[in-house]
Amino acid sequence: MATAIQQKAKSKQAPSSTIFKWEGTDKKGNKIKGETTAANMTIVRATLRKQGINAKKVRKKPKELFASAGKKISPMDIAIFSRQLATMMKAGVPLVQSFEIVADGLENPSMRDLVLKIKMEVEAGNSLASAIAKHPAHFDDLFCSLVDAGEQAGALETMLDRIAVYKEKSEALKLKIKKAMKYPVTVLVVAGIVTAILLLKVVPVFEGMFADFGAELPAFTQFVLGLSEWLQEWWYAVLGGLIASAFSFRQARARSQAFNDGFDRTILKLPVVGDIIYKATIARFARTLSTTFSAGVPLVEALISVAGATGNVVYRNAVNTVKEEVSAGTQLNTSMRATGVFPPMAIQMVAIGEESGALDDMLDKVANYYEDEVDSAVDGLTSMMEPIIMSFLGVVIGGLIIAMYLPIFQMGQVI
C-alpha cells in the first residue's frame, strides 16, 4: 500500500517552493507574523486571505548561510515531529495550521523546510500520506501505510498518536543499544591512543637512557622497546590499516547484503551484546506488529512491514516464513513456534492474544517487557564493563610503565 502511494507521489512532482515571511493583522486587528512556503507571493497572499489574515508585508525569506550545513534530519526529528503533529490534531487544531505551529518551533532548518514542503502539498489538496511519501528518505513504507490507513478510516489524529508512540519507543530502543556499544568502544579507543603515544614518544626517551647502562635489560623491557621501535617504523601502515578497515567495513555494510546478513548472524552469537540485540529485536518485532495490527492493517500485510523493521536477517527470514504460514491459515503463535527463534514468553502471550481477540494488547505488553529487559541489560553491561575496562587499562598502561622502570629497580638492587 505504501509503495503504491510513493510511486504515485514520485509521478507527481511538487512545484518549486520558496519560504516567505509575512506580517499582517487578523480579523480582530491584532498584529501577527509568520512564515509560509509557496510557489510565489500571490499564492501566499491568497492563502492568508482564506485564513482571515490581511497580509501587509510579504517578502522572501533570505537564505541563511551555513544554517543547514551539517544539520541532517535524524530519526529522532521525525519522532518529535510525529508527537507534535499528533498533539496538535488531538487538540482540534486543523492539519495545515498544525504544520505551521510545528514548523515555528523547530530548531533544525532542514526539518523546518521539510515540514513546510509537506504543508504546501497538503494545502494543494494532496493527502498527508501522499505528501510524506514524496520524502522516502525520512518516512518509510510503514509510516506512510499507517498514515494512509488513518486517513481512510477518518481517524488520522488517533493514528498519528499511535505512530508517535511507535517512533518514540523505537528511537528510545535504538539509543539504549547505542549506549551499550558507545561506552566500551570510546574507552578502548582512548586507551589505544594513549598506548600509541607512550610507545612513540615516552618509551624512546627511556631507550636512550638504557643505552648507557651497559647491562642486559629484562625480557619484558626488551619486548616493549622492540614494540616501540616497530611502531615508530610502521605507524603510518598501522594507521592506514585501521582507516582502511573502518572504511571497508562501512562500504561492505552499505553495499553487500551478504556481508550484512553474516554480520547480523554473528552479532547474535556474541556474549552479552548478542543477548541485548536479541531482546531488542523481539521488542521491535512486537512493537511494530502491535502498532500496525491495531491500526486495522490485515495481519499478513502487517507482517510484511514487520519483516523489514526487525533489523536482523535471522528475524526477517523468520517473519517472512511466519507470513507465508499465516496466509495459509496457520495461527500466528504456531508459526512463530515453528521458526525456533522466538522466546516462549512471546509465543505464549501471542497465543493468549489470539484466543482472547486482544492480539495488539498482548503484543504491546511483550514489547514493553522486552524494552525493559533491554534497559536492564544495558545498565548491567555498563556496570560489568567498568571494572573490566579499568583492569584492561591497568594492565596495558601499567605494564608499559613497569617495563620502563624495571631496569631502574634492578640497578637499585645491585647498588
Side-chain angles (χ1 to χ4, degrees), residues 5 8-65 67-68 73 77-78 80-135 138-139 143-144 147-148 150-161 163-164:
I5 294 172
K8 184 178 179 181
K10 288 178 182 178
S11 64
K12 186 179 179 182
Q13 295 295 330
S16 59
S17 58
T18 306
I19 300 177
F20 291 89
K21 299 184 72 172
W22 53 266
E23 297 178 8
T25 56
D26 59 14
K27 294 179 179 180
K28 296 181 180 180
N30 298 321
K31 291 184 178 180
I32 55 176
K33 60 182 179 178
E35 296 180 4
T36 189
T37 302
N40 54 58
M41 196 176 298
T42 303
I43 294 177
V44 175
R45 291 184 180 277
T47 302
L48 293 174
R49 195 179 304 116
K50 290 179 182 179
Q51 297 175 5
I53 299 173
N54 180 22
K56 296 186 176 180
K57 290 183 180 179
V58 179
R59 63 182 185 278
K60 288 184 179 181
K61 182 179 179 180
K63 294 183 178 180
E64 301 175 9
L65 295 176
S68 60
I73 299 175
D77 289 328
I78 301 299
I80 294 172
F81 163 73
S82 304
R83 168 55 62 198
Q84 291 176 330
L85 193 60
T87 302
M88 292 292 116
M89 292 209 63
K90 286 182 71 176
V93 181
L95 182 58
V96 173
Q97 190 175 351
S98 298
F99 282 123
E100 294 177 353
I101 296 172
V102 171
D104 286 341
L106 294 173
E107 297 181 359
N108 186 342
S110 299
M111 187 64 200
R112 188 187 308 120
D113 184 57
L114 174 63
V115 172
L116 292 175
K117 285 179 180 178
I118 296 172
K119 167 183 168 286
M120 189 181 70
E121 290 292 330
V122 174
E123 281 182 325
N126 297 318
S127 66
L128 177 59
S130 63
I132 63 175
K134 293 181 179 180
H135 308 279
H138 309 301
F139 301 97
F143 198 112
C144 297
V147 170
D148 187 53
E151 288 184 306
Q152 291 183 11
L156 182 57
E157 64 277 1
T158 303
M159 190 59 66
L160 284 170
D161 185 64
I163 293 172

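By convention here, the first residue in the shown sequence is residue 1.
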Visitor: Run the salt-bridge test on Glu23 and Lys31 with the 4.0 Å N-O cut-off and return the result as yes or no.
Guide: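 Judged by the 4.0 Å cut-off on N to carboxylate O distance, Glu23 and Lys31 do not form a salt bridge.
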
Visitor: Backbone N or O of Asn54 within a donor-acceptor pair of the Arg49 side chain at under 3.5 Å?
Guide: no

Visitor: If only atom types and distance count, is the side chain of Arg112 paired as donor or acceptor with the main-chain N or O of Leu106 below 3.5 Å?
Guide: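 Yes; judged by distance alone, with no hydrogens or angles, the pair exists.
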
Visitor: Looking only at heavy atoms, what is the nearest atom pair of Cys144 and Ala129, with distance?
Guide: O-CB, 4.1 Å

Visitor: When the ring planes of Phe99 and Phe81 are compared, do they come out parallel, tilted or perpendicular, using 30° and 60° as the limits?
Guide: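 If you compare the ring of Phe99 with that of Phe81, the planes turn out parallel.
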
Visitor: So, taking the atom named CG in Asn108 and the one named CG in Asp113, what distance separates them when rounded to the nearest 0.5 Å?
Guide: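 Result: 10.0 Å between the selected atoms.
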
Visitor: Can you confirm whether Val122 sits close enough to Lys119 that some side-chain heavy atom of one is under 4.5 Å from a side-chain heavy atom of the other?
Guide: no

Visitor: If you round to the nearest 0.5 Å, how far is CE of Met120 from CG of Asn126?
Guide: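 Here the rounded value is 9.5 Å.
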
Visitor: Within this structure, what is the CG-CG distance for the pair Leu156 and Leu85, rounded to the nearest 0.5 Å?
Guide: 7.0 Å

Visitor: To the nearest 0.5 Å, how far apart are CE in Met89 and CG in Leu128?
Guide: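 It is 8.5 Å, given to the nearest 0.5 Å.
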
Visitor: Using 0.5 Å steps for rounding, measure from the CD atom of Glu123 to the CG atom of Leu95.
Guide: 10.0 Å

Visitor: Do the non-hydrogen side-chain atoms of Glu100 and Val115 ever get within less than 4.5 Å of each other?
Guide: no

Visitor: Looking at Lys117 and Glu121, is any side-chain nitrogen of the basic one under 4.0 Å from a carboxylate oxygen of the acidic one?
Guide: no

Visitor: For Val147 and Met159, run side-chain contact (heavy atoms from CB on, under 4.5 Å): C-alpha distance rounded to whole Å, both residues' side-chain angles, the deciding distance at 0.1 Å, then the answer.
Guide: CA-CA 7 Å; Val147 170; Met159 190 59 66; 5.7 Å; no

Visitor: Say you draw a straight line from CD1 of Ile118 to CD1 of Ile132; how long is it, rounded to the nearest 0.5 Å?
Guide: 7.0 Å

Visitor: How would you list, by chain and number, every residue that makes a salt bridge (charged side-chain N to carboxylate O under 4.0 Å, His left out) with Lys90, sequence neighbours excluded?
Guide: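 Partners of Lys90 under the salt bridge (charged side-chain N to carboxylate O under 4.0 Å, His left out) test: Asp161.
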
